[in-house]
Amino acid sequence: MRKGTWLWRAVQRVRNWQYRRAWAARAPAGARPAPPLSIVPRDAAPEPKTVVCLPIIEWDFRFQRPQQLMLQFAKHGWRVFYASTAARKTTEKAPNVLEMPLHAVPRAELVVVQHPRWASIARELAGCVVYDCMDDISAFTTESRNDAERLLMADADLVVVTSSRLEQAARRYANRVVLVRNGCDYEHFVKTPRANGARKVAGYYGAISDWFDVELVAQLARRRPDWDFLLVGSTYGADVLPFGDLPNVELAGEQPYADLPRWLARMDVCIIPFKRGPLTEATNPVKVYEMLAAGRPVVSVPIPEVAALAPLVRLASDAGEFEREIVAAFSDDAAEERQAFARSQTWEKRFEELRTAMASALHILLPS
């Protein structure tokens with residue numbers, strides 16, 4: 001691939017975007033991105049029963065939908081190639097799952113695209129293209145508004161969305177749209193023990209960025225100095241200065257997915273204190289299913305996808321309402337009901353929904 005061509009420019013756009021959104025949040029101080037990579041033109045036919053994932057995050061970043069769905073493909077007999085703009089060599093991440101540099105990715109029967117910046121590359125790699133639309137991409141402050149997503153939706157063989165709000169938007173441009181919400185690895189969270197600390201703890205895990213309502217949590221912490229607030233996740237993109245003088249707020253930083261049950265074990269109640277806006281109004285939080293699988297009461301702002309889970313999830317819009325609902329949640333004994341719901345929201349079940357849609361729209365991945 002020659003420097004300056006459309007394909008070269010597309011690769012650079014993907015690389016630059018991924019480093020702005022993911023690398024800065026996970027790399028140690030002084031780390032530098034890998035040098036640019038290129039795609040080698042191929043004339044070979046796509047390999048059967050293979051899927052290339054052109055992801056929104058690197059495999060070893062925050063473990064959620066991109067990795068979970070690819071693990072499901074692998075468990076169902078597909079060979080998965082997870083593209084990376086940072087990797088220097090091919091690495092086996094799980095049985096049948098290979099993370100590889102972009103230039104090494106082969107042509108495949110199916111390509112799953114998770115960001116519009118990959119669109120121009122996707123058709124070069126496969127005949128069937130699925131766009132897995134997880135968020136309102138244009139609502140991120142790190143993104144610029146353009147026509148790339150609209151064009152990808154119109155061109156993709158199937159558009160998969162995670163929320164009703166995204167479904168409404170996608171149907172304006174795409175012919176085939178299916179709603180497949182997020183899910184949970186139930187077995188990973190179900191054995192989380194109940195919290196038994198000396199003080200009550202309200203907790204959160206996930207990204208703490210500009211859509212996280214820092215001021216709301218700070219108000220809660222001031223109102224209830226007898227409670228602790230445990231916040232687990234990278235604070236890249238967030239102004240956490242309001243927490244500076246609050247001894248009952250703990251910022252634990254980004255933690256591995258494998259350790260999340262251990263952190264949940266310290267939380268009596270989980271909170272989802274997002275700001276209301278285009279991004280969060282369209283999001284279907286993975287964490288809510290995981291928190292319910294752990295049996296935890298959840299108090300959240302009433303964004304549509306979470307409000308639909310009431311009364312399993314308690315809803316609150318300001319500090320006063322959050323305080324009231326958290327107090328009630330401390331004595332909530334409906335853990336079994338929450339876990340029963342989460343058991344029906346697994347990634348295995350989500351994959352079955354996706355497989356059915358793909359069998360209909362693409363005539364591949366037929367149910368066994």
Side-chain angles (χ1 to χ4, degrees), residues 22 26 51 53 55-80 82 91-99 112 114 132 134-135 160-163 179-195 203-207 230 232-234 252 254-267 270-272 283-298 300 305-306 308-309 312-313 335-357 365:
R26 72 181 179 94
V51 55
C53 180
I56 196 167
I57 53 175
E58 296 288 329
W59 182 273
D60 291 324
F61 189 49
R62 193 171 292 119
F63 202 85
Q64 46 190 333
R65 182 184 180 98
Q67 299 95 325
Q68 294 282 13
L69 285 182
M70 290 305 112
L71 287 178
Q72 290 301 315
F73 272 99
K75 288 177 182 178
H76 286 79
W78 284 64
R79 195 175 185 202
V80 176
Y82 197 91
T91 305
E92 185 177 37
K93 293 298 184 180
N96 279 342
V97 179
L98 296 177
E99 179 192 57
V112 176
Q114 295 176 340
D132 188 19
M134 291 173 270
D135 289 295
V160 183
V161 295
T162 60
S163 71
L179 173 59
V180 178
R181 290 184 166 91
N182 288 318
C184 66
D185 180 351
Y186 180 78
E187 296 301 327
H188 187 60
F189 292 94
V190 67
K191 296 179 182 179
T192 303
R194 296 185 66 127
Y204 167 91
Y205 68 84
L230 174 59
V232 179
S234 168
E254 193 74 15
Q255 299 295 328
Y257 176 76
D259 292 345
L260 290 182
R262 179 171 64 85
W263 290 98
L264 272 167
R266 292 179 52 188
M267 303 175 190
C270 293
I271 57 175
I272 302 179
T283 196
N284 180 256
V286 175
K287 63 181 61 62
V288 71
Y289 302 105
E290 296 171 345
M291 292 167 173
L292 294 174
R296 290 301 183 269
V298 179
S300 173
E305 291 292 309
V306 177
L309 302 181
L312 281 176
V313 174
E336 291 185 3
E337 184 179 354
R338 289 188 288 271
Q339 290 179 317
F341 171 77
R343 191 181 298 116
S344 69
Q345 310 295 312
T346 62
W347 289 115
E348 289 84 358
K349 293 184 182 297
R350 295 297 189 249
F351 183 76
E352 287 303 317
E353 296 171 21
L354 176 60
R355 184 160 71 166
T356 299
L365 204 66

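Every heavy atom of this structure was used, including side-chain atoms; hydrogens, water molecules and symmetry mates were not. One is the number of the first residue; the rest follow in order along the sequence.
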Candidate pair Phe189 and Leu260, rule side chain to side chain contact (heavy atoms under 4.5 Å, CB included), full reasoning: CA-CA 8 Å; Phe189 292 94; Leu260 290 182; 4.0 Å; yes

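- Under the rule for a side-chain contact (heavy atoms from CB on, under 4.5 Å), the partners of Leu98 that lie at least two apart in sequence or sit in another chain are Arg79, Phe81, Thr90, Glu92, Met100.
- How far CH2 of Trp78 is from CD of Gln72: 14.0 Å, rounded to the nearest 0.5 Å.
- Nearest heavy-atom pair, Leu264 versus Ala294, reported as atom, atom and distance to 0.1 Å: CD1-CB, 3.9 Å.
- More than 12 non-hydrogen atoms from other residues, nucleotides or ligands lie less than 6.0 angstrom from CD of Glu348.
- The line from CD of Gln67 to CH2 of Trp347 is 9.5 Å long, rounded to the nearest 0.5 Å.
- Rounded to the nearest 0.5 angstrom, Leu69 CG and Cys53 SG are separated by 8.5 Å.
- When all heavy atoms are compared, the tightest approach of Gln114 to Ile56 is OE1-N, 3.3 Å.
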Cut-off 3.5 Å, no hydrogens considered: what does the side-chain donor-acceptor table look like for residues 284-292, sequence neighbours left out?
unit_1 : atom_1 : unit_2 : atom_2 : d
Asn284 : OD1    : Asn182 : N      : 3.0
Asn284 : OD1    : Tyr289 : OH     : 3.3
Asn284 : ND2    : Tyr289 : OH     : 3.0
Asn284 : ND2    : Glu305 : OE1    : 3.0
Glu290 : OE1    : Tyr205 : OH     : 2.5

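- In this structure, Lys93 places its NZ atom where more than 12 heavy-atom neighbours from other residues, nucleotides or ligands lie under 6.0 Å away.
- Qualifying ring pair (Phe, Tyr, Trp, His ring centres under 6.0 Å) partners for Trp59, counting only residues two or more places apart in sequence or in other chains: Phe63, Tyr82.
- Distance check: Phe341 CZ to Leu309 CG gives 4.5 Å after rounding to the nearest 0.5 Å.
- Take Thr162 and apply the side-chain hydrogen bond (donor to acceptor under 3.5 Å, both in side chains) test, not counting sequence neighbours, and it matches no residue.
- Side-chain atoms of Arg181 and Gln345, non-hydrogen and from C-beta on, never get closer than 4.5 Å to each other.
- Taking Ala195 as the reference, Asp268 meet the side-chain contact (heavy atoms from CB on, under 4.5 Å) condition, with sequence neighbours excluded.
- The two residues Leu230 and Ala252 make their nearest non-hydrogen contact at CD1-CB, 4.3 Å.
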Full working for side chain to side chain contact (heavy atoms under 4.5 Å, CB included) between Val180 and Arg65: CA-CA 11 Å; Val180 178; Arg65 182 184 180 98; 4.0 Å; yes

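- Evaluation of the side chain to side chain donor-acceptor pair (under 3.5 Å) test over residues 183-195, restricted to residues two or more places apart or in two chains, returns Tyr186-Arg343.
- Under the rule for a side-chain hydrogen bond (donor to acceptor under 3.5 Å, both in side chains), the partners of Glu353 that lie at least two apart in sequence or sit in another chain are Arg350.
- To the nearest 0.5 Å, atom CG of residue Asn96 and atom NE2 of residue His76 are 12.5 Å apart.
- Partners of Lys75 according to the side-chain hydrogen bond (donor to acceptor under 3.5 Å, both in side chains) rule, which considers only residues two or more places apart in sequence or in another chain, do not exist here.
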Steps toward side chain to side chain contact (heavy atoms under 4.5 Å, CB included) verdict (Val232, Met267): CA-CA 11 Å; Val232 179; Met267 303 175 190; 4.2 Å; yes

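- Among residues two or more places apart in sequence or in another chain, the side-chain hydrogen bond (donor to acceptor under 3.5 Å, both in side chains) test is passed with Gln339 by none.
- Smallest separation of non-hydrogen atoms from Ser234 and Arg62: CB-NH2, 4.0 Å.
- For Ala94, the side-chain contact (heavy atoms from CB on, under 4.5 Å) criterion is met by Leu71, Val97, not counting sequence neighbours.
- Listed here is the closest heavy atom pair of Ala293 and Cys184: CB-SG, 4.2 Å.
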Worked check of side chain to side chain contact (heavy atoms under 4.5 Å, CB included) between Arg338 and Val298: CA-CA 10 Å; Arg338 289 188 288 271; Val298 179; 5.7 Å; no

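- Closest heavy-atom contact between Ser163 and Leu179: N-CD1, 3.3 Å.
- Electrostatic pairing of Arg355 and Glu352 counts as a salt bridge here, judged by a charged N lying under 4.0 Å from a carboxylate O.
- Atoms OG1 and CD, on Thr346 and Gln68 in that order, are 10.0 Å from each other to the nearest 0.5 Å.
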